[in-house]
> 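Take a look at this one; I'll ask things after.
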Number of protein chains: 2
Amino acid sequence: MAPSETARRHTRDDVARTALRLLDDVGLPDLTMRRLAAALDVQPSALYHHFPNKQALLADLADRIVAGRPPVSSSGNWAADVRASASALRDSLLAYRDGAEVVSSTLSMGLGADAALDRLASAIAGGGFDEATTRQAATALLHFVLGHVSHEQQRLQYDSIGVTVEGGPDASASAFSFGVDLLVDGLRARARVGAAR
Amino acid sequence: MAPSETARRHTRDDVARTALRLLDDVGLPDLTMRRLAAALDVQPSALYHHFPNKQALLADLADRIVAGRPPVSSSGNWAADVRASASALRDSLLAYRDGAEVVSSTLSMGLGADAALDRLASAIAGGGFDEATTRQAATALLHFVLGHVSHEQQRLQYDSIGVTVEGGPDASASAFSFGVDLLVDGLRARARVGAAR
DNA sequence: ACCTGAACACCGTTCAAGT
DNA sequence: ACCTGAACACCGTTCAAGT
């Protein structure tokens, strides 16, 4: 125990966990490498020992945010499973400040958020659609969920600044359900046609 | 003509148009106030005479991107109109590098992109849905369109760097149509129920 | 393996002052 | 009305060097 009273060296997991806490405290725009370093009581350059760059760190955070809730188990009703998966994903994103924005950004970088897509896809696959339909429907649903929750979280910020927003959280949740139902109903129409028994 | 050979003073419209050109040339991450100032042959601080901050500039760009194409005129077939509106919006976004990202960001700031929502909503309204349904469906569709095209444009960048992406532009366009159809079919199911003649 | 210290090449924004 | 010059308070990232 040479260096000092408190342990000083960090692991990659430490860094990610601290980043997640900092994200929740200050939001994505203020989650800088320098602030993260300060939170870890370390020089900014030390972070680059654990992550090659900020993008890689954010991709890791996205994975952790999505994995926050366990995947929903299949119930035998694929439409209900899709709704439950979408709702669970929304909850995961809402669990961290700017969670949707973080996952969105890594999805567009092609780095993370695969888990989110996979979960939606496997729920949809329960309806017996072909692979192309399943993948495209999952992508459409993911885009809707990320867009909706991003919007929702942005309004939460305005709200916390004191600006009152029309609708409120109930309206937001019901608009979310509506969007998911729209996509599920669209798929249902396809199931009737596709399942040419 | 006191100052010099070339006219030196700019209008707000000049600034926005130059910003749009710069966006197309270098992409959103490199569209900085300082580079824009350099492109206008002006000091960075001069920009703040035309726009209060970068957010306001981006909101203006978003409006211009969405207004790039005229709204589709009603054809008597609301479902076809919705598909045409979504497709026209996609074309507008694809017309500028990172167009979808620009519009997304201003939408989440509650500043612009109203025109995009309004166009989708008026096409949907042709189906005779109540106002809440129309608005929520338009929002869902807008989220899908923005998410899809953002993703699409990000892949274009990887493509231009030399990385070959699975699928290609045809697959992307057909996945877009599929997502729009899914939402339209979901709405159609609702039309049958709602129009309890 | 993990970190420091110092630097490089940038950002957005403000503000007094000029014409 | 539109702009300059200079500053303020930051960024992400690299790299030699330390332990």
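Numbers restart at 1 for each chain; the letters A, B, ... are given by sequence-line order, proteins then strands. Only heavy atoms go into these numbers, but all of them, side chains included; no hydrogens, no water, no symmetry mates.
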> Does the protein touch nucleotides 14-19 of chain D at the base, only the backbone, or not at all? Give it as B, S and - per nucleotide, heavy atoms under 4.0 Å.
BB--B-
> Would you list the pairs meeting ring-ring contact (aromatic ring centres under 6.0 Å, His included) in which at least one residue belongs to residues 89-117 of chain B, sequence neighbours left out?
none
> I need the full list of ring-ring contact (aromatic ring centres under 6.0 Å, His included) pairs touching residues 47-90 of chain A, with sequence neighbours left out, sorted by first then second residue.
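Output for this query lists Trp78(A)-Phe129(A).
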> Quick one: list whatever passes ring pair (Phe, Tyr, Trp, His ring centres under 6.0 Å) with Phe176(A), sequence neighbours left out.
Phe144(A), His148(A)
> Only counting residues at least two apart or in another chain, list the ones meeting salt bridge (Lys or Arg N to Asp or Glu O under 4.0 Å) with Asp13(B).
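Listed in chain order: Arg17(B), Arg64(B).
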> Checking Arg135(B) now: which residues fulfil salt bridge (Lys or Arg N to Asp or Glu O under 4.0 Å) with it, not counting sequence neighbours?
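Glu131(B).
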> Can you give each donor-acceptor pair under 3.5 Å made by side-chain atoms of residues 65-75 of chain A, sequence neighbours left out, with the distance rounded to 0.1 Å?
unit_1	atom_1	unit_2	atom_2	d
Ser75(A)	OG	Asn77(A)	N	3.2
Ser75(A)	OG	Asp81(A)	OD1	2.8

> Using the criterion of both pairing distances under 3.5 Å for Watson-Crick and G-U wobble pairs, give all stems of 3 or more consecutive pairs involving DNA chain C.
C:4-8 with D:12-16, C:12-16 with D:4-8
> Short of 4.0 Å, heavy atom to strand atom, which residues of residues 19-37 of chain A count as contacting DNA chain D?
Thr32(A), Met33(A), Arg34(A), Arg35(A)
> Any residue in residues 54-61 of chain A with a heavy atom nearer than 4.0 angstrom to DNA chain C? Just list them by number, or reply none.
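Close to the strand, none.
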> Among all residues two or more places apart in sequence or in another chain, which pass the salt bridge (Lys or Arg N to Asp or Glu O under 4.0 Å) test with Arg90(A)?
Glu152(A)
> List in chain and number order the residues that pass salt bridge (Lys or Arg N to Asp or Glu O under 4.0 Å) with Arg34(B), two or more places apart in sequence or in another chain; answer none if no residue qualifies.
none
